[in-house]
There are 4 protein chains.
Amino acid sequence: MPRPRSDDKRAAIMTAATQIIAAQGLSAPTAAIAREAGVSNGSLFTYFSTKADLLNQLFLELKTEMGHAASAGLPADAEPRDQLEHLWKRWLDWATANPDKRRVLALLGVSDEVTPTTHTAAGRSMSGLAAVLEWSRAEGPMADEPLSFVLGLSNALAETTIDFMIREPEHAPAHSAAGFSALWRLLA
Amino acid sequence: MPRPRSDDKRAAIMTAATQIIAAQGLSAPTAAIAREAGVSNGSLFTYFSTKADLLNQLFLELKTEMGHAASAGLPADAEPRDQLEHLWKRWLDWATANPDKRRVLALLGVSDEVTPTTHTAAGRSMSGLAAVLEWSRAEGPMADEPLSFVLGLSNALAETTIDFMIREPEHAPAHSAAGFSALWRLLA
Amino acid sequence: MPRPRSDDKRAAIMTAATQIIAAQGLSAPTAAIAREAGVSNGSLFTYFSTKADLLNQLFLELKTEMGHAASAGLPADAEPRDQLEHLWKRWLDWATANPDKRRVLALLGVSDEVTPTTHTAAGRSMSGLAAVLEWSRAEGPMADEPLSFVLGLSNALAETTIDFMIREPEHAPAHSAAGFSALWRLLA
Amino acid sequence: MPRPRSDDKRAAIMTAATQIIAAQGLSAPTAAIAREAGVSNGSLFTYFSTKADLLNQLFLELKTEMGHAASAGLPADAEPRDQLEHLWKRWLDWATANPDKRRVLALLGVSDEVTPTTHTAAGRSMSGLAAVLEWSRAEGPMADEPLSFVLGLSNALAETTIDFMIREPEHAPAHSAAGFSALWRLLA
DNA sequence: CATGAATGAGCCTTCATTCAT
DNA sequence: GATGAATGAAGGCTCATTCAT
């Protein structure tokens, strides 16, 4: 598959898809996405062979972006708790700063359109987080659980905390702090 | 005295909707639901004025059923921890025993078709859980957080635990136990 | 076909049909008519075997009522012009006083649902008018035209005059007078 | 440069709509119109956003065509009576030569689907007729009536005459002549 | 006879995808 | 490669009519 001519257009479609899907849900017409992106109806399909393809790539891209945002500037020498808190804050900052992306990620996360393959690939973007989590829980009560389960529980706490931060922005810092201390109690 | 509206038929549509939506997602055709329920296409609309209406009632009904299942046989004199554990187990048992209902509940929970009004009404079915949670966290680190936030975090842990129990049934009891102890650490 | 039990119900359906059709057009659901009439959905069909049947009977009844309204109190000894003017006024009075009936008559008049048979039967209610018209035009320029044509032209003038009287009630008397003098010029 | 929108196709849909609606009434399915036009079901909606839109444009187009047909070759220097007679004949010729268009015009004229805006726009196509009428009635008994009323009455005579010409083609010329002389008596 | 639930054909419109230009 | 017209399957909902009660 030769890379299509314009990366700009591809990116424009991705951005447009995020906006439109955040606003209208996954059933948003591809035509609406194309219009928002400033490309034609048909062009969308030269960049993405099907709507499902677009959705899968979008999921992967957003999840990757989220993973990078969380990991940026991670203090490699710090204590596990400090590293984890760093990740937590960055993650939540990214999510609250990008509510559209966050919403789309949530929608895609439960959609059948996103294949297991994509989910697996997307999981890789959380490997930094996974490593810190692994380290953090090593001595604690979760030491013997499957890492994936611990990751899942941690993720659930983060998502919920994000929801409340978006819903009640005036208490966002308090929610973030309370969420993190809850996570730490859970792990260590 | 015409043929009276049949509760059986209404229930059959609800059951069919659960099965079909669990299998095909929320975009499942009403015709498929009607067929599965053994009623005509048009009959569905004498019981539910709209597909959205059906979805809202289904959400309410499933959530209520879940709430009842969790609360049944709650030992009113027991310690908070025992009461909470009772709720936790019943809840997770119901969810793992009814994966279709659970999946539909998850799909509807994030759908725009379900109105805020329905969400509010459905929330009432969790009041028993809320009360026990309130009591459980009273002396702990979450004492000063909004109850809704505590409820949200607890719910997130439960949902995640359920996911893993369904995905890895052989470890279901272990997941359930680990999830509960995590919850308790979070609260007390 | 034995006469159905209740003439009241039949009449209620007719009245309701007039109101509902005036408001919603000929595509108004039979269910809406039944509801307005205070009878059940199904009962309507014991009084009228089909919707088309209802429409035909309604047309006949309204046209007959209109004919009677026009002819009532006709001064049998008066000059043709006075008799015709009497008919004209009564007709227009009835129509402006009963805009719903008038509108329904207009809708049915151009509908395929109303059969030629019904049109023929309805035409009989205008026989009084036809006679006066026949007499009025006997010496005039329309003497040799088919009476039906003269009747049609006269009817057209009346309908148009009614339209304007309803649309501009403040000029209703002026329109009525102008319309009649135009008719008389046409005939004599 | 994609396939350009085709005027032919648009015209084909209009023609098909005229035929199908003349035969089946305004409730004719859009699918039948599309099939008759030789386009797909969906294509109809790239040319007309809505069935109502199609109906409005059809009304406007037919009425405009009728107005042009009536006015073509109008002898600008002739006497009012001759000009009016010219219009009358052309109008009736067009109508009797195009009974389908005429029928559709009649159906649309009383339909709620056609908006007041469309009616207003369509009225403009009769401005030539209006001018001649204005001139014709200037010295006569209708001199003081609103022009719209005079126009309405004239229109009514024309429509009725057309009906009879179509119904009894063998007397068409006689009806046309009688109708015109009636009109002239009405005006002058 | 009254009632209103049951039926299912039918309709308008949408939309992912294809393809002529 | 870009464009947007063309396609036609699909879906939610309506409604005249029938029929069980």
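Numbers restart at 1 for each chain; the letters A, B, ... are given by sequence-line order, proteins then strands.
A salt bridge is absent between C:Asp53 and C:Arg10: the closest approach of a Lys/Arg side-chain nitrogen to an acidic carboxylate oxygen does not fall below 4.0 angstrom. Ion pairing of D:Glu61 with D:Lys101 is absent here, as no side-chain N (NZ or NE/NH1/NH2) approaches a carboxylate O to less than 4.0 Å. Residues D:Arg103 and D:Asp163 are not paired through a salt bridge, judged by the lack of any N-O separation under 4.0 Å between the basic side chain and the carboxylate.
In this structure, CG of B:Leu44 is placed 11 Å from C1' of F:dC13, rounded to the nearest angstrom. B:Asp7 has its CG atom 12 Å from the P atom of E:dA5, to the nearest Å. Between the CG atom of B:Leu55 and the P atom of F:dC13 there is a distance of 10 Å, given to the nearest Å. Atom pair B:Asp8:CG and E:dA6:P shows a separation of 11 Å (rounding to whole Å applied). In this structure, D:Lys51 atom NZ and E:dG10 atom P are separated by 15 Å, rounded to whole Å. At whole-Å resolution of the value, CG in A:Asp53 and P in E:dA16 are 14 Å apart. Separating the CZ atom of C:Phe45 from the C1' atom of F:dT18 is a distance of 10 Å, rounded to the nearest angstrom.
Looking at the side chain of A:Asn41, the nearest of the listed nucleotides F:dA6, E:dA5, F:dA9 is F:dA6. Closest contact between the side chain of C:Ser43 and the listed nucleotides F:dA6, E:dA2, F:dT18 involves E:dA2.
At a cut-off of 3.5 Å, with distance as the only test, no side-chain donor of D:Ser43 or D:Thr46 sits close to an acceptor on the other residue. Between the side chains of D:Thr115 and D:Thr118, at least one donor N or O sits under 3.5 Å from an acceptor N or O.
Nucleic acid contact for B:Ser6: none, since no nucleic acid atom lies under 4.0 Å from a heavy atom of the residue.
E:dA20 and F:dT3 make up a base pair, with Watson-Crick or G-U wobble contacts both under 3.5 Å.
The residue among D:Thr46 and C:Ala52 whose nearest nucleotide of DNA chain F lies closer to the 5′ end is D:Thr46. When the nearest nucleotides of DNA chain F are assigned to A:Lys9 and D:Arg5 by heavy-atom distance, the more 5′-ward of the two goes with A:Lys9.
If you check residues 11-40 of chain B against DNA chain F, the residues with a heavy atom closer than 4.0 Å are B:Ala28, B:Pro29, B:Thr30, listed by number.
For B:Ser49 (side chain) and B:Phe45 (main-chain N/O), no donor-acceptor pair under 3.5 Å exists by modelled atom type. In terms of modelled atom types and a separation under 3.5 Å, the side chain of A:Thr120 and the main chain of A:Pro116 share a donor-acceptor contact.
A sub-4.0 Å separation between OP1 or OP2 of F:dA6 and a side-chain N or O of D:Tyr47 is present.
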